[in-house]
S.K.: 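Input: one structure, supplied below.
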Amino acid sequence: MSTEGDHRVIDEALLADFEQWLIIQRGRSAHTVRAYLGDLRSLDSFLQAGAVPDLREVRFGDLRAWLGAQSADGAARSTVSRRSASVKTFFRWAQRQGHLDHDPSLRLTAPGKERHLPGVLAQRQADALMGVAAVASDDDDPVHIRNRAMLELLYATGIRVGELTGLDVDDIDLADRTARVTGKGDKQRIVPFGTPAARAIQAYLDGGRPRLAGDRSGPALFLGRRGARVNARQVRTVVHELLRSVPDAPDLGPHGLRHSAATHLLDGGADIRTVQEVLGHASLATTQLYTHVSTERLRTAYRQAHPRA
């Protein structure tokens with residue numbers, strides 16, 4: 001409970017209930033939950049400084065002033081947009097739970113997110129990267145065999161690095177060339193991959209994983225040198241290191257391979273809803289960013305090649 005001199009507008013007990021709702025009812029990731037709670041604690045500090053007596057006295061103007069202060073302090077538009085979403089979600093929930101008579105965030109708006117074109121590999125650079133990984137695996141080191149399989153699968157499927165590290169052996173169907181992927185909100189989807197990835201995974205299962213497996217391995221597909229499930233940091237290191245051997249390639253991490261896979265699918269004629277399903281995007285608007293990437297690549301090539309561009 002709050003004590004004299006430690007007044008809270010949004011108390012911790014209420015935040016704890018909201019946290020459980022986000023996790024259990026909405027299936028939000030741990031990262032998203034932490035961000036939302038951090039945003040609400042920031043708002044609470046702002047409301048305390050403004051002498052707002054309690055949650056029922058929060059007004060639209062208070063919320064708008066808080067977002068304005070974020071922008072004035074140099075917060076990116078994407079950050080301000082997320083904070084707007086945080087408080088709108090919280091106040092909507094609080095009203096439904098009976099903690100409020102009205103929702104002061106109903107008219108709250110924030111600047112749209114900045115839509116940066118993500119860095120991607122050209123198709124020749126992606127091919128070169130897979131070639132570098134293949135050559136490195138020729139030394140028969142089980143980790144290098146694993147690295148090749150990880151890169152082939154990342155590029156073939158466009159899955160997130162967390163989805164890759166979460167794969168178990170039984171999630172891979174080499175006969176159908178599909179992977180069962182657990183994405184955000186613990187939602188599962190089936191993602192296809194091609195023959196090169198299938199061959200690299202088979203080589204890893206035959207001659208890589210058995211030599212890495214140990215007491216800590218469990219069902220994990222991709223293992224570290226000590227036998228435990230590989231983590232995201234290890235995968236990022238592998239991608240960065242192998243990309244250094246590709247001439248003129250941008251320094252991208254695993255998410256860059258995801259962007260590249262999506263862009264190359266669209267370049268090859270895949271429809272946007274197919275790409276949305278493959279990537280596991282909840283919103284088509286997220287996938288549409290890649291159409292801008294493809295259009296920009298087309299525009300750049302046109303300007304370079306056409307005499308009257």
Side-chain angles (χ1 to χ4, degrees), residues 29-31 34-35 116-169 171-172 179 181-184 191 193-194 196-264 279-280:
S29 69
H31 174 78
R34 282 194 301 271
H116 297 293
L117 297 181
V120 296
L121 298 175
Q123 291 188 26
R124 58 176 176 77
Q125 293 170 332
D127 289 341
L129 177 61
M130 299 307 131
V132 168
V135 170
S137 70
D138 285 342
D139 65 2
D140 203 37
D141 185 319
V143 167
H144 294 166
I145 297 172
R146 178 208 68 190
N147 292 348
R148 180 189 182 189
M150 291 195 308
L151 260 69
E152 285 281 6
L153 191 58
L154 280 171
Y155 177 56
T157 60
I159 60 176
R160 303 173 179 93
V161 64
E163 294 170 344
L164 178 88
T165 60
L167 286 172
D168 291 337
V169 173
D171 290 327
I172 298 295
V181 178
T182 303
K184 292 183 176 181
V191 183
F193 53 83
R199 288 173 177 165
I201 294 168
Q202 186 68 70
Y204 167 67
L205 291 174
D206 291 342
R209 190 182 185 281
R211 289 186 283 161
L212 295 173
D215 295 338
R216 299 191 296 162
S217 302
L221 175 61
F222 292 115
L223 306 174
R225 203 173 285 279
R226 296 182 180 179
R229 184 184 295 272
V230 73
N231 60 47
R233 180 183 55 81
Q234 291 171 303
V235 179
R236 291 189 186 97
T237 298
V238 168
V239 175
H240 284 299
E241 287 183 350
L242 291 176
L243 266 174
R244 291 195 191 106
S245 299
V246 179
D248 302 322
D251 184 22
L252 304 176
H255 214 66
L257 292 183
R258 177 172 166 83
H259 293 320
S260 301
T263 304
H264 298 166
L279 296 182

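All values below come from the heavy atoms of this structure, side chains included, with hydrogens, waters and symmetry mates left out.
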S.K.: If you apply the rule side chain to side chain contact (heavy atoms under 4.5 Å, CB included), what do you find for T165 with N231, and how did you get there?
M.R.: CA-CA 6 Å; T165 60; N231 60 47; 5.6 Å; no
S.K.: Do L252 and L257 pass the side chain to side chain contact (heavy atoms under 4.5 Å, CB included) test, and can you show the C-alpha distance, the side-chain angles, and the key distance before you say yes or no?
M.R.: CA-CA 7 Å; L252 304 176; L257 292 183; over 6 Å; no
S.K.: State, to 0.1 Å, how close S137 and R148 come at their nearest heavy-atom pair, and which atoms those are.
M.R.: OG-CD, 3.7 Å
S.K.: May I ask you to say whether R226 pairs ionically with D215, meaning some side-chain N is under 4.0 Å from a carboxylate O?
M.R.: no
S.K.: Given I201 and E152, is the side chain to side chain contact (heavy atoms under 4.5 Å, CB included) satisfied, shown in steps?
M.R.: CA-CA 8 Å; I201 294 168; E152 285 281 6; over 6 Å; no
S.K.: For G227, does its backbone N or O pair with a side-chain atom of S217 as donor and acceptor, under 3.5 Å?
M.R.: yes
S.K.: Can you find a pair of side-chain heavy atoms, one from R258 and one from L154, that are under 4.5 Å apart?
M.R.: no
S.K.: Can you confirm whether S260 sits close enough to Q123 that some side-chain heavy atom of one is under 4.5 Å from a side-chain heavy atom of the other?
M.R.: no
S.K.: Between Q234 and G224 (side chain of the first, backbone of the second, donor and acceptor by atom type, cut-off under 3.5 Å), is there such a pair?
M.R.: no
S.K.: Taking it one step at a time, do M150 and V239 satisfy side chain to side chain contact (heavy atoms under 4.5 Å, CB included)?
M.R.: CA-CA 9 Å; M150 291 195 308; V239 175; over 6 Å; no
S.K.: Between G158 and A261, which heavy-atom pair has the shortest distance, and what is it?
M.R.: CA-CB, 3.8 Å
S.K.: Check L153 against T157 and note the closest heavy-atom contact, atom names and distance.
M.R.: O-OG1, 2.6 Å
S.K.: Any side-chain heavy atom of K184 sitting closer than 4.5 Å to one from S29?
M.R.: no
S.K.: Do N147 and D141 have side chains that get closer than 4.5 Å, going by heavy atoms?
M.R.: no
S.K.: Would you indicate whether the side-chain heavy atoms of D171 and T182 approach each other to under 4.5 Å?
M.R.: no
S.K.: For the backbone of A122 and the side chain of Q125, can you confirm whether one donor and one acceptor N or O come within less than 3.5 Å of each other?
M.R.: yes
S.K.: I need the minimum non-hydrogen distance between G194 and A156, along with the two atoms involved.
M.R.: N-CB, 4.4 Å
S.K.: Please give me the minimum heavy-atom distance between G207 and I145, naming the atom from each residue.
M.R.: O-CD1, 3.9 Å
S.K.: With a 4.5 Å heavy-atom cut-off, do I159 and L167 have their side chains touching?
M.R.: yes
S.K.: Are D206 and Q202 linked by a side-chain donor-acceptor pair shorter than 3.5 Å?
M.R.: yes
S.K.: Should L121 and Y155 count as side-chain neighbours, where that means a heavy-atom distance under 4.5 Å?
M.R.: no
S.K.: Nearest 0.5 angstrom please: L129 CG to L242 CG, how far?
M.R.: 6.0 Å
S.K.: State whether the side chain of R146 and the backbone N or O of G208 hold a donor-acceptor pair below 3.5 Å, judged by distance alone.
M.R.: no
S.K.: A side-chain contact here means heavy atoms from C-beta on lying under 4.5 Å apart; do L223 and Y204 qualify?
M.R.: yes
S.K.: Can you list everything that forms a side-chain contact (heavy atoms from CB on, under 4.5 Å) with R229? Sequence neighbours excluded, please.
M.R.: D168, P219, A220
S.K.: Looking only at heavy atoms, which two atoms of R209 and G218 are closest? And how far apart?
M.R.: NH2-O, 3.1 Å
S.K.: In plain terms, say whether R211 and D140 are close enough for a salt bridge, that is, a side-chain N and a carboxylate O under 4.0 Å apart.
M.R.: yes
